[in-house]
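Have a look at the structure below, then the notes.
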2 protein chains.
Amino acid sequence: MVENDDFDLQNFLPYLLNRAAEESSLAFQQVYKNKYGMLRNEWRVLFHLGAFGEMTASSIVARARIHKTKISRAVQKLVEKRFVTRERSEDDRRQEILRLTPLGLAAYRDLREVAAAYDRTLEAKFTKEEVALLRGMLRRLAERG
Amino acid sequence: MVENDDFDLQNFLPYLLNRAAEESSLAFQQVYKNKYGMLRNEWRVLFHLGAFGEMTASSIVARARIHKTKISRAVQKLVEKRFVTRERSEDDRRQEILRLTPLGLAAYRDLREVAAAYDRTLEAKFTKEEVALLRGMLRRLAERG
DNA sequence: TCTTGTTAGTTACAAAACAGACTATTATCA
DNA sequence: TGATAATAGTCTGTTTTGTAACTAACAAGA
């Protein structure tokens with residue numbers, strides 16, 4: 001029987017990452033959920049459109065690595081909320097060009113401020129160097145494969 | 001509409017943490033899902049029982065910070081799979097004492113090996129010092145509040 | 001033209017998560 | 001003691017997600 005008393009669940013990186021991700025998402029989640037009735041995928045789409053300008057659903061899929069069915073549903077909700085418009089592309093009529101409405105832009109700007117402020121409170125737990133290292137490591141862990 | 005601002009979604013810690021958590025959970029998830037038909041909360045319960053011995057549902061709730069309805073359902077599934085037994089406590093008849101069966105223990109040991117090996121491949125991306133720092137930071141981020 | 005294949009996005013149905021009500025048992029305290 | 005609150009755990013109805021099939025538009029070769 002294989003014994004491995006060195007293994008500790010509390011040190012298992014996927015476990016720690018999940019716990020940290022869940023806990024650190026809570027406070028921000030309260031805001032976009034209570035103030036704008038959004039779900040996680042909705043603010044992600046909103047932020048992509050706010051940050052990168054008009055995009056198609058598939059370009060958001062490629063950039064955010066969220067499954068296309070989630071994007072599809074998030075876009076539907078955002079259109080219902082009048083935060084986003086969609087227009088069929090002339091170049092390729094399969095594509096829909098997504099854009100923020102003025103209402104969506106206002107929500108984006110508001111939430112972006114909230115996110116930036118919240119990020120600063122998270123960063124304040126560590127030194128600048130630690131935060132930079134953490135971001136780099138998280139990026140490597142988030143890579144495919 | 002690309003705006004000039006200092007906030008970058010790609011640097012937002014909750015976003016990075018979620019991405020890293022999702023990506024780093026995938027490979028291990030394949031194993032406990034395909035090999036044992038388990039869900040995330042099921043392996044978490046299994047690992048708690050394997051690591052700490054017999055526990056009640058509420059002590060797992062306290063330790064793992066998973067909602068009690070999730071624990072309840074995970075335990076039901078594990079009992080159906082013959083990995084776990086439950087016995088009503090004599091001291092407090094509201095409580096149920098959960099224990100791994102020999103089958104459950106074997107699954108735990110197998111998955112623990114897989115987890116340990118997988119953790120080593122994640123760690124191999126960084127230096128020992130970086131990994132230690134990462135764990136410390138993730139723990140602080142996972143703290144309440 | 002006629003396949004055959006690819007891509008954009010939606011839909012349908014099952015699986016799973018979430019939230020709150022609920023039962024049963026124990027604890028507290030006037 | 002009796003009233004009230006707290007705790008352990010389950011159940012139920014509603015959302016949300018996951019998976020795969022689907023429509024529609026484009027593309028490329030024979």
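What's counted below: heavy atoms across the whole structure, side chains too, no hydrogens, waters or symmetry copies. Naming convention: chains lettered A, B, ... in sequence-line order (proteins, then strands); numbering from 1 in each chain.
When the nucleotides D:dG9, D:dA25, C:dG9 are ranked by their closest atom to the side chain of A:Ala57, C:dG9 comes out on top. Out of C:dG9, C:dT25, D:dT10, the shortest distance to the side chain of A:Ser58 is found at C:dG9.
A straight line from CZ of B:Arg86 to P of D:dA8 spans 16 Å, rounded to a whole angstrom. The CZ-C1' distance, from B:Arg93 to D:dA8, rounds to 13 Å in whole Å. C:dC18 atom C1' lies 19 Å from atom CZ of B:Arg65, rounded to whole Å. One interatomic measurement links the two molecules: CD of B:Glu96 to C1' of D:dT7, which rounds to 14 Å at whole-angstrom precision. If you take CD of B:Glu87 and P of D:dA8, they are 18 Å apart, rounded to a whole angstrom. Between the CD atom of B:Gln76 and the P atom of D:dA8 there is a distance of 18 Å, given to the nearest Å. Distance B:Ile66 CD1 to C:dC18 C1': 14 Å, rounded to the nearest Å. Per the geometry, CD belonging to B:Gln95 stands 10 Å off C1' belonging to C:dT26, to the nearest Å.
One finds the CZ atom of B:Arg19 at 12.0 Å from the OG atom of B:Ser24 (value rounded to the nearest 0.5 Å). The distance from the CG atom of B:Leu138 to the CG atom of B:Leu17 is 6.5 Å, given to the nearest 0.5 Å.
Minimum interatomic distance between A:Asn11 and B:Asp119 (heavy atoms only, all atoms of both residues): O-OD2, 3.8 Å.
Using a 4.0 Å cut-off between a side-chain N of Lys or Arg and a carboxylate O of Asp or Glu, B:Arg140 and A:Glu123 do not qualify as a salt bridge. The residues A:Lys77 and A:Glu42 are annotated as not salt-bridged, no charged nitrogen and carboxylate oxygen being separated by less than 4.0 angstrom.
At a threshold of 4.0 angstrom between heavy atoms, the contacts of A:Arg88 with the nucleic acid are absent.
Under 3.5 Å, the side chain of B:Arg94 and the base of D:dT7 form at least one donor-acceptor pair of N or O atoms.
Annotation: cation-pi geometry satisfied between A:Arg63 and A:Phe52 (NZ/CZ under 6.0 angstrom from ring centroid, within 45° of ring axis).
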* Asked: Step by step, would you call A:Tyr36 with A:Trp43 a ring pair (Phe, Tyr, Trp, His ring centres under 6.0 Å)?
  -> CA-CA 9 Å; A:Tyr36 293 102; A:Trp43 80 256; over 10 Å; no
Could you write out each protein N or O paired with an N or O of nucleotides 17-19 of chain D at a distance under 3.5 Å?
{"unit_1": "D:dG18", "atom_1": "OP2", "unit_2": "A:Lys70", "atom_2": "NZ", "d": "2.8"}
{"unit_1": "D:dG18", "atom_1": "N7", "unit_2": "A:Arg73", "atom_2": "NH2", "d": "3.2"}
{"unit_1": "D:dG18", "atom_1": "O6", "unit_2": "A:Arg73", "atom_2": "NH1", "d": "3.1"}
{"unit_1": "D:dG18", "atom_1": "O6", "unit_2": "A:Arg73", "atom_2": "NH2", "d": "3.4"}
{"unit_1": "D:dT19", "atom_1": "OP1", "unit_2": "B:Lys33", "atom_2": "NZ", "d": "3.4"}

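Proximity of A:Ser72 to the phosphate of C:dG9: no side-chain N or O atom is located under 4.0 Å from OP1 or OP2.
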